[in-house]
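First comes the structure, then the notes that go with it.
Just the heavy atoms: all of them, side chains too, but no hydrogens, waters or symmetry mates, feed the values below. A, B, ... follow the sequence lines: proteins, then strands. Residue 1 opens every chain.
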Amino acid sequence: MDFHTFANLSRNMNKKYHEYEGLDLPAFEKEILKYWGDNQTFEKSISLRAGATPFVFYEGPPSANGMPGIHHVISRTLKDMVCRYKTMQGFQVKRKGGWDTHGLPIELGVEKELGITKEDIGKKISVEEYNKKCREAVLRYKDKWDDITRKMGYWVDLNDPYITFKNEYIETLWWLLSELYKKGYLYESVSIQPYSPAAGTGLSSHELNQPGTYKDVKDTSCVAMFKAVRNDRSEFLYSKLLTSLSGRQAPNPELFFLAWTTTPWTLPSNLGLTLGPNIDYVLVKTFNPYLHNHLNVVLAKNLVPKYFKEEGKDGDFDAYDEKQKIVPWKILAEFKGSELEGCEYEQLFPYEANSPAAIEEITPGAKPFRVLLGDFVTTEDGTGIVHTAPAFGADDYRVGKKYNIGILTMVDRQGKFLDGLGEFSNRYVKNYKDEKDYVDVNVDISVKLKKENRAFKVEKYEHSYPHCWRTDKPILYYPLDAWFIKTTAIKDRMVELNKTINWKPASTGEGRFGNWLENLVDWNLSRSRYWGTPLPIWRTEERDEQICIGSIEQLRNEGAEADKALGTDNAAILSDEKLDLHKPFVDDIILVSSKGLPMKRVPDLIDVWFDSGAMPYAQWHFPFENRETFKESFPADFIAEGVDQTRGWFYTLHAIACLVFDSVAYKTCVSNGLVLDKNGNKMSKRLGNVVDPFKTIEDLGADATRWYLITNASPWDNMKFDVDGIKEVQRKFFGTLYNTYQFFSLYANVDGFSFKEAPVPLEKRPEIDRWILSSLHTLIQKVTAHMDDYEPTQAGRLIEDFVDEQLSNWYVRLCRRRFWKGEYEEDKISAYQTLYECLETILRLVAPVSPFFSEALFNNLNAVSGRFKEESVHHVSYPKANASMIDVLLEERMRLAQDVCSLVLSLRKKVNIKVRQPLQKVLIPALDPQMKAQLQKIEELIRAEVNVKEIEYLEPDNQFIRKKMKANFIALGKKLGPKMKAVSAAIAEFTQEQIANFEKDGQYNLLVDGEPVILQISEVETSSEDIPGWTVASKGRLTVALDITLTPELESEGNAREFVNRIQKIRKDSDFDLTDRIEVKVSGAEGLKESLAQFKDYICAEILADSLDFLPSIKEGTLIDINDNSLNVIVLKKG
RNA sequence: AGAUCCGUAGCUCAGCCUGGUUAGAGCACUACACUGAUAAUGUAGGGGUCAGCAGUUCAAAUCUGCUCGGGUCUACCA
């Protein structure tokens, strides 16, 4: 393989096209990688486009602390392909790489490695030391990533990547945050967040979505009874009761609200009951199923059947006793949730710690223990009444705040009850400490409620509940301070801008992303971690003054003022050499407020997703540097990542762009699906079904892998990855293309074809050349349209079909003789030029998908022809379709020819006559003049291909063939409607005479169900059914009949052809060169002598023989057999 | 729980948007051919309740609804 030296050679008429020993894709690729490296081919692909319209692409930063997997290869193939395509289309496509370096996975990896937990940070290891470890860990696998990037042929600038932990990067983040702060979009609030008491840490949504965090668990659930206070507000309920008093009912009837919970431990923190304003509720009279006393309860009407058996409805209350299974019940009244708003109830678990006095102390002025209304209430579970503990649920918190019911957090951060809760004090609400004899406090709570006539139903309930993926313990929702971005403020704008984005597939944008935007909540930015971007907010201890820092310069200025006013030593921390905008250093900086008070940084870090979403700005250190570069590269024309990034990177990019710049961040977004194993299972290390991309590329080649990933399924469908599929691509597509190239170079080298002659004008080229060129340009048109539409799968499949079906199996097969026979003159040159153009164009078309193979072969071709001055296929322009070369009729009739040949060959097969045996005639009914004209133009080609002497056409009006008519359903269906069935049946029954009349008149009157129907000839399809006495085959409208009579003349020619075939085999077996002349001696060919003599000239021409002699006998010749005649031949190379 | 994608031959996928009467390809399998591209190619064959049910329609793989199965994402599942 020496193609890469071509650049150093001047063009040379004697230069040969490189011929290969075999197809070894991985070997190709190694050569090409070296070539690209030596020649800076990637860099030049950008610099050569200086001044061209930019096509802006953003690289989503991978995290380099894990190994790259095969799923990374698919999205990167997609990205690379688009960028290469756009480059070839004339755009300048810069691709700045990047690394995501902050965040939880990195921290956890480090903790695992060091064998520590979060609590140890700052104790066993200093924050400084810990962050240093993180910084070392983030780029642990960078080499592997760089390696796969290179080997898969992903062109991205790895020399100057953006790295999210750099001060410059963080400075841009701070600037963005300060912009948000100025707009009032950055605020602090208590929020209810997932929290792991076992680990003592809040959990990010990321952590909550680790595989296996949601587990099905059985919890003790309890329908608690909250006793309504009788007052003016509730009197209307009590009045319903009094009218239905019965004998056994106490004079002071009790009335309860039923509320369900799967977390009874939250009940001591209860402060409200929430009802749906539009939900129907009923007041039901019944008995307590445990204590059997009289009860009156309120619950949602829909849920009555869940708690009351139909048999008990309006049952006999007086006859009830405890042994009875059927509990009688009766609906006394019905009302909307809204009618109950403001009703009060008695606290369920009154203790010291949650006493009204305590509530008043925590939240002065709060009015707890009331009925509230909330839209989130459903009647799918529970009772339609939601027990509301503001501390332990986000909905609860929100509705609680709205009604000012206060907040009680009766559980501490270790997950145990506070003091002052009676027998429950200091008990863990779940078994967080792996205590052997842990008694579930939820059960005890439920038992207590039962005993006190406060539980209506207690049972185990199975549901999926989030667990801390590190400790495997259930999380709880817990109130924590957090900073938010008020994304809800610009929700409508985000929705509006989203509609301008070209999503591939559209459903990701409209459905998944659109819905997400519709249900937007404010972005919780806070993370209580160590390794990440610090929130740049400093404030006084009293929290009455705060500042958001937007640049390093501002921080230095503020720092210097503090140094002056407070005598701090910020200057040391902020010096150029020492500056590090991470913990713990930033936390050591003390600023000064306008009142002269010290301000400390709030301890929070920000969500890492903000890091990546800010990359359009931060990668250029905007606005501190590169203002122009940024302007030219925002927003992106194109991004692509896995669909799992919809709520990740796609969202954060969109949100920040909308918030700060009132713009989209990207115009087109391609989201690819997952890569599953070949059985459709998700790849995971645990299952051991992960595919190693290094091995795949090493074994099978990047090009075949890329081609497979692109063409096997649309990128957004989940793909079942199977290496056998890559092997198929290798064999089928690359093998065929390679063979075609080898075929071309074999003969082009023999004839010295180097495209030095002027192109043969199209009109002078034979039909088949014009056809393949027409098909080629049609292909270019379609492929370009698909590529522009980000539908590479469609484009790739079309190319595959062209290479395999059209170019290789039709054009080359039919044209073989033109390359090896005859002189080097116009027809042959036309063939070379045509095939050359096809190859060259295909290689340019596939270059974005399979960059290596196309580079190698393109350069091989170009090294000889010198048609392009560019040194890489990736620098040349993408082929442009030339409409004047497209001839639709020509393409149509070639399809017709292919069909005719296929039918004739199948007939030959049926009667067992070899293709080498010539036959006299094929009969084809020409159903209309157009069809006949089309067939006549390709007659010669058909005759040669199927080895028949003549083609005879049967005119439309001949009486010879039997015809068949079929309704044209599309045309007739609309016209006839319900009569369709009857008419189509009638048409199918037409006699030959009826058909003939129909064809003659052009229309036909039919009587269907007594009603006349006039059929036009265009409303039916005619085909020939049979030609009596002939062997026929048909496909659609096309029918062919083959004359299978073998005359002695034909047999004789057949013998001659067989003989040629045998001699050719001997030539080949003897390793003769294509051009070697031979002498042939034959003996024992008595039965064939006449045939061979008759076709001697033909035979000699075919086998390049100077003589063909018949001898009485031959010793040591080769014994061959032709049509049951055996003969002995000697084939000698001359000279 | 919600959203979304997917379900067509043993396997990988077309076809569905825009309904039309024998549902196609490739791989694999079987048989027979062909052979100066040969680790290729051709022809033929077997192989399908188009996940299921219901509806709309003269006509449904195709449109609608529901159900089931698989994947993913999301979740404030009380």
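For A:Tyr747, the listed nucleotide lying nearest its side chain is B:rA37; candidates were B:rA37, B:rU43, B:rG20. The side chain of A:Ser906 sits closest to B:rU43 out of B:rA28, B:rA78, B:rU43. The side chain of A:Lys981 lies closest to B:rC58 when the candidates are B:rU41, B:rC58, B:rG20. With B:rA37, B:rC77, B:rA59 as the candidates, the nucleotide lying closest to the side chain of A:Tyr477 is B:rC77. Distances were taken from every side-chain heavy atom of A:Ala713 (C-beta onward) to each of B:rA59, B:rC13, B:rU41; the shortest belongs to B:rC13. For A:Trp260, whose side chain is taken as the heavy atoms from C-beta onward, the closest listed nucleotide among B:rC13, B:rC27, B:rA78 is B:rA78. Distance from the side chain of A:His387 is smallest for B:rA78 among the nucleotides B:rC58, B:rA37, B:rA78. Candidate nucleotides B:rU43, B:rC58, B:rA78 were compared by shortest atom distance to the side chain of A:Pro978, and B:rC58 ranks first. Side chain of A:Lys732, nearest nucleotide from B:rC27, B:rC58, B:rA78: B:rC27. Ranking B:rA33, B:rU43, B:rA37 by closeness to the A:Lys914 side chain, first place goes to B:rA33.
If you take atom C1' in B:rA23 and the same atom in B:rC50, they sit 8 Å apart, rounded to whole Å. For B:rC58 and B:rC73, the P atoms lie 45 Å apart once the distance is rounded to whole Å. B:rG7 and B:rC13 have their C1' atoms separated by 13 Å, with the value rounded to a whole Å. Taking the P atoms as reference points, B:rA40 lies 12 Å from B:rC29, given to the whole Å. Taking the P atom of each, B:rU56 and B:rU74 are spaced 41 Å apart, rounded to whole Å. B:rG24 sits 12 Å from B:rA61 when the C1' atoms are compared, rounded to a whole Å.
At the phosphate of B:rU38, neither OP1 nor OP2 sits under 4.0 Å from any side-chain N or O atom of A:Arg731. A close approach under 4.0 Å does not occur between any side-chain nitrogen or oxygen of A:Asn968 and OP1 or OP2 of B:rG20. Between B:rA78 and A:Thr262, a contact under 4.0 Å exists linking OP1 or OP2 to a side-chain N or O.
Counting atom types as modelled, A:Thr736 pairs no side-chain N or O with a base atom of B:rA40 as donor and acceptor under 3.5 Å.
Under 3.5 Å, the side chains of A:Asp522 and A:Thr488 contain a donor-acceptor pair of N or O atoms. Looking only at atom types and distance, the side chain of A:Ser808 has no donor-acceptor partner in the side chain of A:Thr736 under 3.5 Å away.
In this structure, A:Trp265 has its ring center under 6.0 Å from that of A:Phe392.
The aromatic rings of A:Tyr708 and A:Phe721 lie perpendicular to each other, with more than 60° between the two planes, well past the 30° mark. Using cut-offs of 30° and 60° on the angle between ring planes, the pair A:Trp707 and A:Phe733 is parallel.
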